[in-house]
Amino acid sequence: PADMRPGGAEALDAVFPRDVGLFADAFPAEARYRFCGHGLRIAQHHGGLLGVAAPVWEAALALCQYFEKQQLDFRGKQVIELGAGTGIVGILATLLGGDVTLTDLPLALEQLQENVARNVPAEHMARVRIRALSWGLDHEQFPSGYDVILGADIIYLRDTYPLLLRTLQHLSGPGSTIYLASKMRQEHGTTDFFETLLPRHFACELVQRDEQENISIYRVMRR
């Protein structure tokens with residue numbers, strides 16, 4: 001569920017493998033969840049191109065649970081989700097009152113559109129939009145100063161970390177709050193991102209930790 005720099009079909013194949021039969025066995029075509037009083041029906045497409053954008057990852061569910069636990073209210077907030085994948089986090093933020101922009105690589109947008117259509121009532125459609133965003137490439141086509149920036153399990157490719165940081169710096173402002181939920185994969189340098197790279201530019205606070213699932217949620221703000 002992450003964006004990455006351009007590099008042709010070979011680069012995309014490296015991240016979004018065409019042979020993703022393992023996903024088909026592990027995840028149903030549709031999953032149902034309930035958060036903050038809202039029932040969600042999330043389509044998950046397992047055709048080869050989507051790869052890591054297809055399933056609902058545990059970190060996305062952890063972030064939704066955090067919204068519920070903290071009773072977060074997104075009313076009147078300008079929200080953007082990076083590497084939205086299935087869109088479950090941003091869709092929940094929309095249902096909780098936010099004005100939400102869901103972003104991912106172009107190949108993931110159709111799945112996002114389907115899940116928005118399944119879950120966002122017609123009267124709230126004006127508050128949600130779907131756009132392609134490749135970190136470090138076209139982030140400047142988006143405004144700065146979003147109130148809330150969301151990302152779930154988007155920190156797993158070292159080459160994208162500088163691009164993500166550049167994108168976060170552009171999208172955020174002095175009053176922005178960034179929520180990042182991530183499985184802390186040692187082999188991918190996820191811990192290094194949160195403990196070394198991100199703190200160079202942002203103030204980071206660990207607000208929730210699930211040892212069993214190895215998932216951490218950080219609240220991040222501009223210094």
Side-chain angles (χ1 to χ4, degrees), residues 1-3 33-38 40 42 55-104 135 144-158 160-162 164-223:
D3 301 316
Y33 305 94
R34 189 162 191 85
F35 296 108
C36 309
H38 296 282
L40 300 171
I42 302 297
V56 175
W57 294 99
E58 291 94 338
L61 300 179
L63 194 51
C64 291
Q65 289 164 353
Y66 179 79
F67 292 172
E68 186 169 62
K69 184 178 173 184
Q70 299 297 318
Q71 298 183 315
L72 294 187
D73 185 355
F74 292 97
R75 282 178 293 183
K77 305 284 190 189
Q78 293 291 325
V79 182
I80 187 167
E81 183 181 5
L82 304 179
T86 64
I88 187 170
V89 174
I91 288 168
L92 182 58
T94 304
L95 297 175
L96 295 176
D99 193 312
V100 179
T101 301
L102 297 162
T103 71
D104 208 318
W135 306 343
S144 296
Y146 282 92
D147 297 306
V148 181
I149 301 169
L150 304 171
D153 231 349
I154 60 174
I155 296 132
Y156 60 91
L157 285 172
R158 290 179 192 269
T160 68
Y161 296 171
L164 174 56
L165 285 171
R166 205 176 309 151
T167 301
L168 289 173
Q169 285 175 294
H170 173 76
L171 296 174
S172 63
S176 301
T177 302
I178 305 166
Y179 292 103
L180 297 174
S182 189
K183 191 167 280 269
M184 304 302 287
R185 300 178 180 89
Q186 198 65 42
E187 68 275 20
H188 294 159
T190 309
T191 302
D192 185 52
F193 176 85
F194 283 107
E195 294 184 358
T196 305
L197 298 177
L198 197 57
R200 291 176 188 166
H201 308 280
F202 296 91
C204 308
E205 179 188 1
L206 177 64
V207 293
Q208 183 170 296
R209 172 73 185 149
D210 183 336
E211 289 291 347
Q212 187 173 346
E213 294 288 343
N214 191 27
I215 292 172
S216 296
I217 299 177
Y218 289 84
R219 183 168 57 216
V220 181
M221 305 183 83
R222 287 273 286 268
R223 289 196 178 279

Only pairs under 3.5 Å count here: list side-chain donor-acceptor contacts from residues 215-223, not counting sequence neighbours, and write none if there are none.
| residue | atom | partner | partner atom | Å |
| --- | --- | --- | --- | --- |
| S216 | OG | R209 | NH1 | 3.0 |
| R219 | NH2 | E205 | OE1 | 2.8 |
| R222 | NH1 | Q169 | O | 3.1 |
| R222 | NH1 | S172 | O | 2.7 |
| R222 | NH1 | S172 | OG | 3.1 |
| R223 | NE | P199 | O | 3.0 |
| R223 | NE | F202 | O | 3.4 |
| R223 | NH2 | P199 | O | 3.1 |
| R223 | NH2 | F202 | O | 3.3 |

Mind listing the closest non-hydrogen atom pair of [X] and [Y] along with its distance?
X	Y	value
G173	S176	N-OG, 2.7 Å
V79	A93	CG1-CB, 4.5 Å
A59	A181	O-CB, 3.4 Å

Measuring from atom [atom1] of [X] to atom [atom2] of [Y], what distance do you get when rounded to the nearest 0.5 angstrom?
X	Y	atom1	atom2	answer
L95	F74	CG	CZ	11.0 Å
L157	R185	CG	CZ	9.5 Å
I154	T160	CD1	OG1	8.0 Å
T101	L171	OG1	CG	9.5 Å

List in chain and number order the residues that pass side-chain contact (heavy atoms from CB on, under 4.5 Å) with D192, two or more places apart in sequence or in another chain; answer none if no residue qualifies.
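Scan of D192 (side-chain contact (heavy atoms from CB on, under 4.5 Å), adjacent residues dropped) gives T196, L197.
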Report the residues that fulfil side-chain contact (heavy atoms from CB on, under 4.5 Å) with T191, sequence neighbours left out, ordered by chain and then residue number.
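Testing T191 for side-chain contact (heavy atoms from CB on, under 4.5 Å), a comparison that skips the adjacent residues, returns M184, Q186, E195.
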Is it the case that the side chain of [X] and the backbone of [Y] share a donor-acceptor pair, with hydrogens and angles ignored and the cut-off at 3.5 Å?
X	Y	value
T190	I155	yes
S144	H170	yes
K183	E213	yes

Please tabulate, for side-chain N and O atoms in residues 60-72, each donor-acceptor pair with protein atoms closer than 3.5 Å (sequence neighbours left out).
| residue | atom | partner | partner atom | Å |
| --- | --- | --- | --- | --- |
| E68 | OE2 | C36 | N | 2.6 |

Taking salt bridge (Lys or Arg N to Asp or Glu O under 4.0 Å) as the test, write out the residues that go with [X], two or more places apart.
X	result
R200	none
D99	R129
D210	none
R166	none

Applying side-chain contact (heavy atoms from CB on, under 4.5 Å) between I149 and each of L180, T177, L82, report the one that passes.
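It is L82; the other options fail the test.
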Looking at E187, I'd like to know if its CD atom is crowded, meaning that more than 12 non-hydrogen atoms belonging to other residues, nucleotides or ligands lie closer than 6.0 Å.
yes
Test of understanding: with ring pair (Phe, Tyr, Trp, His ring centres under 6.0 Å), list the residues that count as partners of F193, not counting sequence neighbours.
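Result, ring pair (Phe, Tyr, Trp, His ring centres under 6.0 Å) vs F193: Y161.
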Is there side-chain contact between L92 and Y33, with at least one heavy-atom pair below 4.5 Å?
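Side-chain contact under 4.5 Å: no.
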Can you list the steps and then say if V89 with Y179 is a side-chain contact (heavy atoms from CB on, under 4.5 Å)?
CA-CA 11 Å; V89 174; Y179 292 103; over 6 Å; no
Residue pairs, two or more places apart or on separate chains, that pass salt bridge (charged side-chain N to carboxylate O under 4.0 Å, His left out) and touch residues 74-92
D73-R75
What do the steps show when you test H38 against I91 for side-chain contact (heavy atoms from CB on, under 4.5 Å), and what is the final call?
CA-CA 10 Å; H38 296 282; I91 288 168; over 6 Å; no
Kindly state each residue pair satisfying ring-ring contact (aromatic ring centres under 6.0 Å, His included) with at least one member in residues 76-95, sequence neighbours excluded.
none
